[in-house]
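Each chain gets a letter, A, B and so on, in the order the sequences are listed, and its residues count up from 1. Everything numeric here is computed off the predicted structure, so don't read it as measured data.
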Protein chains: 2
Amino acid sequence: MHQSALSLKLSTFVSLSETDLATLARFLIRRRNFTVGYELTHEGQVNASAFVLAEGWAFSYKTTPDGDRQIVDFQVPGDFLGLRSILFRTSDHNVEALTRIEATEVLASDLFDAFADAPRLATAVLWAASRDEAMVVEHLVNLGRRTAEERTAHLLLELGARLKLVGLADDAGFDCPLTQYHLADALGLSAVHVNRVLRHLREQKLMTFQKGRVVFDDFARLTDLAGFDTSYLDQDGPLLR
Amino acid sequence: MHQSALSLKLSTFVSLSETDLATLARFLIRRRNFTVGYELTHEGQVNASAFVLAEGWAFSYKTTPDGDRQIVDFQVPGDFLGLRSILFRTSDHNVEALTRIEATEVLASDLFDAFADAPRLATAVLWAASRDEAMVVEHLVNLGRRTAEERTAHLLLELGARLKLVGLADDAGFDCPLTQYHLADALGLSAVHVNRVLRHLREQKLMTFQKGRVVFDDFARLTDLAGFDTSYLDQDGPLLR
DNA sequence: CGCAATATTGAAAACGATCAAGGGTCGTGG
DNA sequence: CCACGACCCTTGATCGTTTTCAATATTGCG
């Protein structure tokens with residue numbers, strides 16, 4: 001089912017009625033494909049639309065005036081793309097397809113209209129936005145207070161946990177289309193250093209990232225090293241019933 | 001007027017009707033005072049309430065398993081405190097009073113109920129949450145891709161800009177209750193280094209932070225150094241009319 | 001007035017960046 | 001089918017920024 005990814009996700013937080021789901025389904029029609037590198041939204045763009053990612057990976061980032069790139073988050077199937085940008089007249093960040101992707105467009109006006117018909121939808125979307133923010137906050141902790149090795153482990157563990165929720169990872173690991181440059185720009189490190197860190201993690205038999213595949217060799221020890229605590233990702237069932 | 005700070009803020013994004021404002025006013029009754037160091041919400045707390053800050057400064061932070069603290073953001077009058085924590089069953093971060101503060105409590109249930117009566121309120125709150133996220137994202141860029149000096153300048157410029165919106169700063173500078181330890185924990189630096197950075201900024205005649213007062217000696221040059229672009233804070237009037 | 005918190009400075013050490021070079025892989029076009 | 005270029009990965013050497021450790025002011029508050 002096309003809209004299942006989003007409705008499934010929102011339902012974990014707020015119990016949605018048949019009417020709510022119908023309202024939701026009404027504006028999830030425009031399904032589109034994008035090639036690698038396509039910019040779904042870019043800084044300064046006005047009236048950008050948001051998307052729900054159905055297939056593939058994307059990432060959101062900002063650039064500094066001197067041209068450095070900071071990746072804010074990676075998005076995997078089921079995630080919103082550019083939710084924040086539809087609330088601002090002009091977008092403050094970029095969203096780019098990391099692989100070929102398939103995504104469903106969501107128009108701002110549709111979304112706001114839907115809030116009037118289905119107020120629980122509003123709560124659900126607010127929750128989704130808050131969960132995104134919780135992830136950004138954890139990335140901030142990552143950059144501010146963890147060493148290069150801890151950071152790298154933490155990011156890959158987070159991605160593993162998120163992918164597991166949508167059936168794209170298991171305890172062993174996951175397929176990962178990121179380059180070391182992507183990791184570097186997400187972790188606030190140089191690509192050279194990321195390479196060294198990955199080698200060191202491999203040598204310690206903690207984890208391996210090679211040829212597009214992340215393998216967790218010692219999940220427990222890795223989790224401990226990274227100080228990884230999933231509580232910022234966890235939901236224990238609908239808050240609103 | 002008590003609820004003016006919040007309603008003023010929300011109104012800049014979404015035009016709210018008399019009814020909307022009345023709905024808003026209904027749950028902004030419990031005004032409370034807190035002393036320095038009071039923890040308004042803490043990690044793991046269940047059913048935390050949110051607040052709207054009326055007077056004084058607060059800050060939100062997370063801690064790592066090894067006890068390091070990362071300050072996520074500072075809050076000044078007019079800001080939400082712990083908005084994200086009411087959406088999660090258990091809070092994922094801490095909020096602490098940095099000075100004596102005065103704040104109005106907002107109960108989760110009140111807020112969700114209000115969405116049914118006043119859907120535009122939902123959009124407005126979603127916008128407020130998104131603006132908070134935009135600030136966190138900019139802090140992430142700060143830690144990931146700027147030097148210690150740029151970072152420090154950027155944070156203090158941001159605080160100046162935000163305080164200006166509520167009349168607590170002007171082009172010259174602002175009163176600032178932060179210690180160098182607060183700055184260090186927000187910037188991902190050691191307090192010792194923050195001290196050296198502040199000295200260097202002073203020696204370059206860019207800005208001064210001493211005795212609880214931030215003075216911008218050369219706003220233009222400082223802005224340029226920090227790569228400070230206010231667009232992530234700006235609003236050009238209501239999006240929904 | 002006295003203590004605790006905050007600010008300041010120096011010296012040494014660590015971490016990560018930068019510079020530089022080489023190797024692998026994949027897709028495209030000749 | 002091979003050659004080439006683009007992109008990505010890898011490693012070594014050196015440099016610079018920031019941390020850590022340590023000691024000493026200074027400030028503010030009860």
Side-chain angles (χ1 to χ4, degrees), chain A residues 35-37 57 59 64 66-71 96-100 142-156 175-203 207-214 225, chain B residues 35-37 57 59 64 66-71 96-100 142-153 155-156 175-204 207-214 225:
Chain A
T35 56
V36 177
W57 289 44
F59 64 102
T64 59
D66 21 303
D68 285 332
R69 178 173 76 166
Q70 176 62 46
I71 293 182
E96 182 177 326
L98 197 144
T99 64
R100 286 183 95 269
N142 226 10
L143 296 209
R145 290 292 175 225
R146 281 194 257 262
T147 65
E149 196 163 274
E150 293 165 355
R151 257 183 246 190
T152 307
H154 194 281
L155 175 60
L156 294 172
D175 291 330
C176 181
L178 303 178
T179 67
Q180 294 182 357
Y181 291 91
H182 287 126
L183 284 180
D185 283 350
L187 296 170
L189 298 170
S190 68
V192 172
H193 199 60
V194 167
N195 183 282
R196 289 191 232 271
V197 166
L198 289 175
R199 170 166 47 136
H200 193 231
L201 288 170
R202 208 182 315 129
E203 286 167 355
M207 58 156 294
T208 312
F209 176 18
Q210 272 171 334
K211 298 174 190 289
R213 174 97 194 151
V214 169
L225 166 76
Chain B
T35 55
V36 177
W57 288 46
F59 65 103
T64 59
D66 21 302
D68 285 332
R69 178 174 76 168
Q70 176 62 48
I71 293 182
E96 182 178 325
L98 198 144
T99 65
R100 285 184 97 269
N142 226 9
L143 296 209
R145 290 294 175 224
R146 282 194 256 261
T147 66
E149 195 163 276
E150 293 164 357
R151 257 183 246 188
T152 307
L155 175 60
L156 294 171
D175 291 330
C176 181
L178 303 178
T179 67
Q180 294 181 357
Y181 292 90
H182 288 126
L183 284 180
D185 284 348
L187 296 170
L189 298 170
S190 68
V192 171
H193 199 58
V194 166
N195 184 282
R196 289 189 233 273
V197 165
L198 289 175
R199 173 169 45 141
H200 193 231
L201 288 170
R202 207 182 316 131
E203 286 167 356
Q204 289 173 286
M207 58 156 293
T208 312
F209 177 18
Q210 272 170 334
K211 298 173 192 289
R213 175 98 196 151
V214 169
L225 166 76

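- Proximity of a side-chain donor or acceptor of B:Arg151 to a complementary backbone N or O of B:Leu187 within less than 3.5 Å is detected.
- In this structure the side chain of A:Leu178 never reaches within 4.5 angstrom of the side chain of A:Val214, judged on heavy atoms.
- Following rounding to the nearest Å, B:Leu143 (CG) and D:dT19 (C1') show an atom-to-atom distance of 16 Å.
- The salt bridge (charged side-chain N to carboxylate O under 4.0 Å, His left out) search around A:Asp175 returns A:Arg213, not counting sequence neighbours.
- Listed by chain and residue number, B:Glu138, B:Asn142, B:His154 satisfy the side chain to side chain donor-acceptor pair (under 3.5 Å) test with B:Arg146 (two or more places apart in sequence, or in another chain).
- Partners of B:Phe59 by ring pair (Phe, Tyr, Trp, His ring centres under 6.0 Å), not counting sequence neighbours, listed by chain and number: B:Tyr61, B:His182.
- Inter-residue side-chain proximity for A:Leu183 and A:Phe209 is flagged as met; some heavy-atom pair is nearer than 4.5 Å.
- Rounded to an integer number of Å, the gap from NE2 of A:His193 to P of D:dT18 is 15 Å.
- Listed nucleotides: D:dT10, D:dT27, C:dT25. Nearest to the side chain of A:Lys211: C:dT25.
- Residues A:Leu143 and A:Gln70 form a side-chain contact, since some pair of their non-hydrogen atoms from C-beta on lies under 4.5 Å apart.
- In this structure, the side-chain contact (heavy atoms from CB on, under 4.5 Å) partners of B:Gln204, at least two apart in sequence or on a different chain, are B:Glu149, B:His200, B:Leu201, B:Leu206.
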Listing time: all N or O pairs from protein to nucleotides 2-7 of chain C that are below 3.5 Å?
residue: C:dA7; atom: OP2; partner: B:Gln180; partner atom: N; Å: 2.8

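- A search for side-chain contact (heavy atoms from CB on, under 4.5 Å) contacts involving B:Thr208 returns B:Arg202, B:Gln210, B:Val215, B:Asp217, not counting sequence neighbours.
- Terminal axes of the helix from C:dC1-D:dG30 to C:dG30-D:dC1 (five pairs each, C1' rotation axis) are separated by 40°, to the nearest 10°.
- For the pair A:Leu183 CG and D:dC8 P, the computed distance is 12 Å after rounding to whole Å.
- Closest approach of A:Thr35 to A:Ala97, counting heavy atoms only: O-CB, 3.6 Å.
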Determine all donor-acceptor pairs shorter than 3.5 Å in which one atom belongs to a side chain in residues 188-197 of chain B; sequence neighbours excluded.
residue: B:Ser190; atom: OG; partner: B:His193; partner atom: N; Å: 3.2
residue: B:Asn195; atom: ND2; partner: B:Gln180; partner atom: OE1; Å: 3.0

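- Near DNA chain D, meaning a heavy atom under 4.0 Å away, the residues from residues 145-153 of chain B are B:Thr147, B:Ala148.
- The residue A:Gly212 sits apart from the nucleic acid: no heavy atom pair falls under 4.0 Å.
- Computed from coordinates, the B:His200 NE2 to C:dT9 C1' distance equals 16 Å when rounded to whole Å.
- Between the C1' atom of C:dA14 and the CG atom of B:Leu189 lies a distance of 16 Å, rounded to the nearest Å.
- How far CG of B:Asp66 is from CD of A:Glu150: 6.0 Å, rounded to the nearest 0.5 Å.
- Atoms CD (A:Gln210) and C1' (D:dC9) sit 10 Å apart, rounded to a whole Å.
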Might you list the N or O atoms of the protein lying below 3.5 Å from N or O atoms in nucleotides 12-15 of chain D, with each pair's distance?
residue: D:dG12; atom: N7; partner: A:Arg196; partner atom: NH1; Å: 3.2
residue: D:dG12; atom: O6; partner: A:Arg196; partner atom: NH2; Å: 3.2
residue: D:dA13; atom: N6; partner: A:Arg196; partner atom: NH2; Å: 3.0

